[in-house]
Amino acid sequence: MPELPEVEVTRRALIPLVVGRRVQALHHRDPARYRGTELAAGRRVEAIRRRGKFLLFALSGGFELVVHLGMSGGFRLGPTAHTRVVLELEGVALYYHDPRRLGRFWVVPAGDYREVPLLLRLGPEPFDPAFSPDYLFARLRATRRPVKAVLLDQTVVAGVGNIYGDEALFRARVRPTRRGHRVTRREAGALVEGVRAVLEEAIAAGGSTLRDRSYRRVDGTIGYFQVQLSVYGRAGEPCPVCGTPIRRTVIQGRSAHYCPRCQR
DNA sequence: ATAGGCGCCTGTAAGC
DNA sequence: TGCTTACAGGCGCCTA
């Protein structure tokens with residue numbers, strides 16, 4: 001399911017349900033995927049933060065529950081056919097739904113992310129001033145990888161995934177296959193702006209629910225940003241700007257969509 | 001450094 | 001209809 005907007009929408013929905021409540025128990029049958037969860041029992045949830053695509057639940061007593069939703073994870077208010085973890089809190093239960101089981105939980109001492117190497121290596125948040133045109137330009141200039149691969153690299157910027165990567169490139173009018181070192185300073189600036197704009201709009205729309213309808217908000221409703229997607233999943237359809245058919249290609253083993261006329 | 005492939009998992013849609 | 005294949009919002013690891 002989730003890229004940064006879906007994770008952020010999840011975070012905002014969970015705050016009023018969870019913050020201030022004590023965790024009574026955390027049930028599951030997969031200690032390899034959901035690690036150290038016995039450490040959460042009896043602790044109060046003090047805050048929920050987000051870093052890239054990770055959710056960070058601050059627990060009383062100096063612990064933290066780190067959650068990564070993988071491709072199909074999400075929280076629901078009731079059980080589903082693919083409930084993998086049940087979080088029992090005072091007065092509420094949360095059901096972690098994850099058909100593909102690619103999501104992971106870790107309970108760790110607060111801020112101790114040695115078990116979550118990617119979290120340690122994450123690049124700047126997209127809305128942080130550190131994710132600046134100069135910064136992105138420098139990162140692009142240093143590599144021959146396709147620019148889309150650079151945007152998907154969580155150590156470059158945290159939270160961009162396959163959908164919003166394509167959309168940001170479309171807005172910046174840069175073709176996803178372009179090599180990093182051939183991106184101009186001006187284009188790097190447009191990419192920073194494109195990433196921020198698309199993420200912001202997607203958060204405001206409650207995230208994107210694609211054709212398979214697998215992404216749902218915590219209350220079970222869908223997100224509406226898919227109606228505003230310009231290129232993602234639209235191969236063969238006309239570009240919303242110039243009408244040229246959208247093309248699909250593969251970069252890093254993942255589909256990439258672009259307008260061959262608007263994006264050079 | 002980087003591309004390509006596979007693995008982790010399961011579900012759904014498309015193609016024959 | 002039934003079977004097979006491709007593909008899916010993520011990420012880590014291996015080989016060349």
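Throughout, a chain's letter reflects where its sequence line sits, starting with A, and its residues are numbered from 1.
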#### Entry: Outermost nucleotides of DNA chain B that come under 4.0 Å of a non-hydrogen atom of chain A
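The contacted stretch runs from B:dT2 to B:dG11.
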Using the [atom1] atom as the reference point in each nucleotide, state the distance between [N] and [M] in Å, no decimals.
N: B:dC6; M: C:dT5; atom1: P; result: 14 Å
N: C:dG9; M: B:dA14; atom1: P; result: 16 Å
N: C:dC7; M: B:dC9; atom1: C1'; result: 14 Å

### Query
With a 3.5 Å cut-off and no angle check, do the side chains of A:Asp134 and A:Ser132 form a donor-acceptor pair?
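No, no side-chain donor-acceptor contact under 3.5 Å.
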### Task
Answer yes if the side chains of A:Tyr164 and A:Glu6 hold a donor-acceptor pair under 3.5 Å, and no otherwise.
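There is such a pair (donor and acceptor under 3.5 Å, judged by atom type) between the side chains of A:Tyr164 and A:Glu6.
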### Summary
When rounded to the nearest 0.5 Å, the distance separating CG of A:Leu55 from CZ of A:Arg49 is 11.5 Å
### Message
Per the salt bridge (Lys or Arg N to Asp or Glu O under 4.0 Å) rule, what does the pair list look like for residues 229-245 of chain A, sequence neighbours excluded?
### Response
A:Arg234-A:Glu237
#### Entry: A:Asn162 CG to C:dC7 P, straight-line distance once rounded to whole Å
13 Å
#### Entry: Interatomic distance where CG belongs to A:Asp166 and P belongs to C:dA8 [whole Å]
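Result: 11 Å.
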Using a strict cut-off of less than 4.0 Å between a Lys/Arg side-chain nitrogen and an Asp/Glu carboxylate oxygen, indicate whether [X] and [Y] qualify as a salt bridge.
X: A:Arg171; Y: A:Glu167; answer: no
X: A:Arg11; Y: A:Glu8; answer: yes
X: A:Glu3; Y: A:Lys53; answer: no

### Residue A:Arg35 excluded, over 12 heavy atoms near CZ under 6.0 Å
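For A:Arg35, atom CZ is not crowded (no more than 12 foreign heavy atoms under 6.0 Å).
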### Task
Could you tell me whether A:Pro5 contacts a base, only the sugar-phosphate backbone, or nothing, with contacts defined as non-hydrogen atoms closer than 4.0 Å?
nothing
### Query
At under 4.0 Å between heavy atoms, what does A:Leu118 touch on the DNA or RNA strands: base, sugar-phosphate, or nothing?
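Answer is sugar-phosphate: A:Leu118 comes under 4.0 Å of backbone atoms only.
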Which pairs of donor and acceptor atoms, one on a side chain in residues 242-261 of chain A, lie under 3.5 Å apart (sequence neighbours left out)?
unit_1: A:Gln252; atom_1: OE1; unit_2: A:Arg145; atom_2: NH2; d: 2.8
unit_1: A:His257; atom_1: ND1; unit_2: A:Asp166; atom_2: OD2; d: 2.7
unit_1: A:His257; atom_1: NE2; unit_2: A:Gly233; atom_2: N; d: 3.4

### Query
Shortest non-hydrogen contact from A:Glu64 to A:Gly111?
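Residues A:Glu64 and A:Gly111, closest heavy atoms: OE1-N, 2.7 Å.
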### Query
What are the two closest heavy atoms between A:Asp98 and A:Leu102, and how far apart are they?
OD2-N, 3.4 Å
### Query
Is any side-chain heavy atom of A:Val116 less than 4.5 Å from a side-chain heavy atom of A:Arg104?
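A:Val116 does not reach A:Arg104 side chain to side chain.
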### Query
Should A:Lys53 be listed as having a side-chain N or O under 4.0 Å from OP1 or OP2 of C:dG10?
yes
### Task
Could you list by number each residue of residues 247-260 of chain A showing a heavy-atom separation from DNA chain B of less than 4.0 Å, or answer none if no residue does?
none
### Query
Tell me, which of residues 95-109 of chain A have any heavy atom that sits under 4.0 Å from an atom in DNA chain B?
A:Pro99, A:Arg100, A:Arg101, A:Leu102
### Query
In dot-bracket notation, what is the pairing pattern of DNA chain C, taking Watson-Crick (N1-N3 plus N6-O4 or O6-N4) and G-U wobble (N1-O2 and O6-N3) contacts under 3.5 Å, with [ ] crossing and | for other strands?
.|||||||.|||||||
### Query
Same hydrophobic cluster for A:Phe170 and A:Val192, using side-chain heavy-atom links shorter than 4.5 Å among ILVMFWY?
no
